[in-house]
S.K.: 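Mind looking over this structure? Questions follow.
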Amino acid sequence: MGFISDSLNRIQPSATISISNKAMALKAEGRDIIGLSAGEPDFDTPDNIKEAAIAAIRKGQTKYTNVDGIPELKNAIVAKFKRENGLDYKVSQVSVGTGGKQILFNALLATVNPGDEVIIPAPYWVSYPDIVMLAGGKPVFVETTVGHGFKLQPEQLERAITPKTKWLILNSPSNPTGAAYTRAELRDLADVLLKHAQVWVLSDDIYEHVTYDDFVFSTIAEIEPRLYERTLTMNGVSKAYCMTGWRLGYAGGPSRLIDAMTAIESHSSTHTSSITQAASVEALNGPQEFIRLHNAVFKQRRDLVVSMLNQAKGLRCARPEGAFYVYPSCTGTIGKTTLQGKRIGSDEEFVTYLLENEGVAAVQGSAFGLSPFFRISYATSTELLEEACRRIQRACAALR
């Protein structure tokens, strides 16, 4: 019997973190590396949020808090859900975790039994399937297509549901594609879910505020109130509020689920940092105008990257509705040969080629469950994006 738990044999280290670490190691060796692998805004946390954290420290708000969040924060979350999503939650229906990832862990560990199935549209955020497997469940992948905007179709959902299905994970806008579901598209998925009372919905709305071109965000429990009692609506402050390192996610859902999630958290992290919670109250209740300004910059960067990648030989890049990623196809590079005589046989080999030959760090599509694609984060400076895209164009042009 081995020392390490068998459950670890079911998972892989995060590919996005692995690529970022490799890029940092090359940079430490003196290589000129442009990192486009991390999903992290380059904007700093707004000053009013920083000041709220400093004020909390000075007031001595450095003690243990309630497991599921301080009352001020839970009230701010309740108000946010009502104001922005038309969702009515009581304070007892809100859970706060150390990042959105802990919310996912708590929810799935609290509900998934061995053999339970969780439907995950592909491409997907890299951690979804591994968290499902750690909980003892079985990920059921449903591949989406470029033609359908990388969005799950109702007929695909219907085919994927079985008596063992426990959850559908729905991420909009999406990591890694930036695809966002319209109200009509969510309505069609809701109609399928209403026929299958055993299926719960985990709506990952972490990129809710990062949308473009007059796209109107909606969440599925808002679209279909009959799904309210079996939907966990998840969000956080990492992306829109530029607080990735602060680590705070939150969710609203049925009390019995929230209670179970709180029980798990009480034996793991105990609670999210008291200082982060104080800062997050200000994030949710304070000025929001900076989000619109940031999105205007992200939109310019998106348009730049989409245009330049579509000029690269062998690449095709769709224009996403939200988040800060593009997910271009590299089909046209597969089978080509580098100047060093190495054949590109997969998207993983293509991104390795980009990193080693041109110093551009991206993430292979296989990490997200759909190949041959790769993900680029454009949450970095316009100058670096322009240079990175020039390098990618040069790398593609050099293939024979």
S.K.: Just by distance, no angles: are the side chains of E356 and T352 close enough, under 3.5 Å, to form a donor-acceptor pair?
M.R.: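 Short answer, no.
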
S.K.: Got a salt bridge between R58 and E51, using NZ or NE/NH1/NH2 to carboxylate O under 4.0 Å?
M.R.: no

S.K.: Looking only at heavy atoms, which two atoms of P129 and P139 are closest? And how far apart?
M.R.: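 So the two residues come closest at O-CG, 3.8 Å.
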
S.K.: Do S307 and Q311 have side-chain N/O donor and acceptor atoms under 3.5 Å apart?
M.R.: yes

S.K.: So, for F373 and F150, is the gap between ring centers shorter than 6.0 Å?
M.R.: yes

S.K.: Going by atom types only, do E40 and S377 share a side-chain donor-acceptor pair under 3.5 Å?
M.R.: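 No, because no side-chain N or O of E40 sits under 3.5 Å from a partner of the opposite role on S377.
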
S.K.: Could you check whether any side-chain N or O of D68 sits under 3.5 Å from a backbone N or O of V96, counting only pairs where one atom can act as donor and the other as acceptor?
M.R.: no

S.K.: Rounded at 0.5 Å granularity, tell me how far NZ in K151 sits from OG1 in T144.
M.R.: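 So the gap between those two atoms works out to 10.5 Å.
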
S.K.: Measuring centre to centre across the rings, with the benzene-like ring taken for any Trp, is F217 within less than 6.0 Å of Y181?
M.R.: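 No, they do not, as the ring centres are separated by 6.0 Å or more.
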
S.K.: For E185 and T182, does a side-chain donor sit closer than 3.5 Å to a side-chain acceptor?
M.R.: yes

S.K.: Testing the 3.5 Å rule here: is there a donor-acceptor pair between the side chains of Y228 and D88?
M.R.: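 Absent: no donor and acceptor within the cut-off.
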
S.K.: Is it the case that T165 and Q198 place a side-chain donor and acceptor less than 3.5 Å from each other?
M.R.: no

S.K.: Quick one: sort the F350 and Y353 rings into parallel, tilted or perpendicular, breaks at 30° and 60°.
M.R.: tilted

S.K.: Just verifying a value: how many Å separate I49 CD1 and E282 CD, rounded to the nearest 0.5 Å?
M.R.: 7.0 Å

S.K.: So which of L232, T231, N106 actually passes side-chain contact (heavy atoms from CB on, under 4.5 Å) with L257?
M.R.: L232

S.K.: Are E29 and R31 within salt-bridge range, i.e. N to O under 4.0 Å?
M.R.: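 A salt bridge is absent here (no side-chain N lies under 4.0 Å from a carboxylate O).
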
S.K.: Are R226 and D191 ion-paired here, with the side-chain N under 4.0 Å from a carboxylate O?
M.R.: no

S.K.: Could you verify whether a donor N or O on one side chain and an acceptor N or O on the other, from N175 and R375, lie under 3.5 Å apart?
M.R.: yes

S.K.: With a 3.5 Å distance limit and no angle check, can you tell me whether Y212 reaches the backbone of A323 through a side-chain donor-acceptor pair?
M.R.: yes

S.K.: If you measure only the distance, is there a donor-acceptor pair under 3.5 Å linking the side chains of S371 and D347?
M.R.: yes

S.K.: Less than 4.0 angstrom from a charged side-chain N to a carboxylate O is my criterion; do D213 and R319 meet it?
M.R.: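 No salt bridge links D213 with R319.
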
S.K.: Side chains of E84 and H209 only: does a donor on one sit below 3.5 Å from an acceptor on the other?
M.R.: yes

S.K.: Do the side chains of P123 and Y327 get nearer than 4.5 Å, heavy atoms only?
M.R.: yes

S.K.: Scan side-chain atoms only and decide if H148 and Q156 contain a donor-acceptor pair under the 3.5 Å cut-off.
M.R.: no

S.K.: Do the ring planes of F298 and F324 sit parallel (below 30°), tilted (30 to 60°) or perpendicular (above 60°)?
M.R.: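 Answer is tilted, since the angle falls between 30° and 60°.
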
S.K.: Taking the side chain as every heavy atom from C-beta outward, state whether L152 and L168 have any pair of such atoms under 4.5 Å apart.
M.R.: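 Counting from C-beta outward, L152 and L168 do come under 4.5 Å.
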
S.K.: Are F81 and Y89, when compared by the centres of their aromatic rings, separated by less than 6.0 Å?
M.R.: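 Between Y89 and F81, which both carry aromatic rings, the centre distance is below 6.0 Å.
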
S.K.: Any chance you could measure H294, atom NE2, to D42, atom CG, to the nearest 0.5 Å?
M.R.: 8.5 Å

S.K.: Taking V201 as the fixed residue, which of T219, I220, T233 is the one that meets the side-chain contact (heavy atoms from CB on, under 4.5 Å) rule?
M.R.: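 Going through T219, I220, T233 one by one, the side-chain contact (heavy atoms from CB on, under 4.5 Å) with V201 is satisfied by I220 alone.
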
S.K.: Are R159 and E155 close enough, and set up right, to give a salt bridge (charged side-chain N to carboxylate O under 4.0 Å, His left out), and what steps lead you there?
M.R.: CA-CA 6 Å; R159 287 195 299 268; E155 59 272 17; 5.9 Å; no

S.K.: Quick one: do K101 and D130 make a salt bridge, cutoff under 4.0 Å?
M.R.: no

S.K.: Any ion pair linking R343 and E349 (charged N to carboxylate O, less than 4.0 Å)?
M.R.: no

S.K.: Which distance, rounded to the nearest 0.5 Å, do you find between the CG of L227 and the CG of L194?
M.R.: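 If we round to the nearest 0.5 Å, L227:CG and L194:CG are 5.0 Å apart.
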
S.K.: So which atom in A398 and which in L339 form the shortest heavy-atom distance, rounded to 0.1 Å?
M.R.: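 Scanning both residues completely, I find the closest heavy atoms to be O-CD2, 3.8 Å.
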
S.K.: Whether the N85 and K80 side chains hold a donor-acceptor pair (N or O, under 3.5 Å, no angle test) is what I'd like checked.
M.R.: yes

S.K.: Taking the side chain as every heavy atom from C-beta outward, state whether C389 and V305 have any atom pair closer than 4.5 Å.
M.R.: yes

S.K.: Determine, for E222 against R183, whether the closest basic-nitrogen to carboxylate-oxygen distance falls under 4.0 angstrom.
M.R.: yes

S.K.: Show me the side-chain donor-acceptor pairs of residues 112-119 shorter than 3.5 Å, one per line, residues at least two apart or across chains.
M.R.:
| residue | atom | partner | partner atom | Å |
| --- | --- | --- | --- | --- |
| D116 | OD2 | N113 | N | 2.8 |
| D116 | OD2 | K166 | NZ | 2.9 |
| E117 | OE1 | T162 | OG1 | 2.7 |

S.K.: Does some side-chain heavy atom of T65 sit less than 4.5 Å from a side-chain heavy atom of Q277?
M.R.: yes

S.K.: Have S255 and Q93 got a donor and an acceptor in their side chains that come within less than 3.5 Å?
M.R.: no

S.K.: With no hydrogens and no angle check, do the side chains of T111 and W200 hold a donor and an acceptor under 3.5 Å apart?
M.R.: no

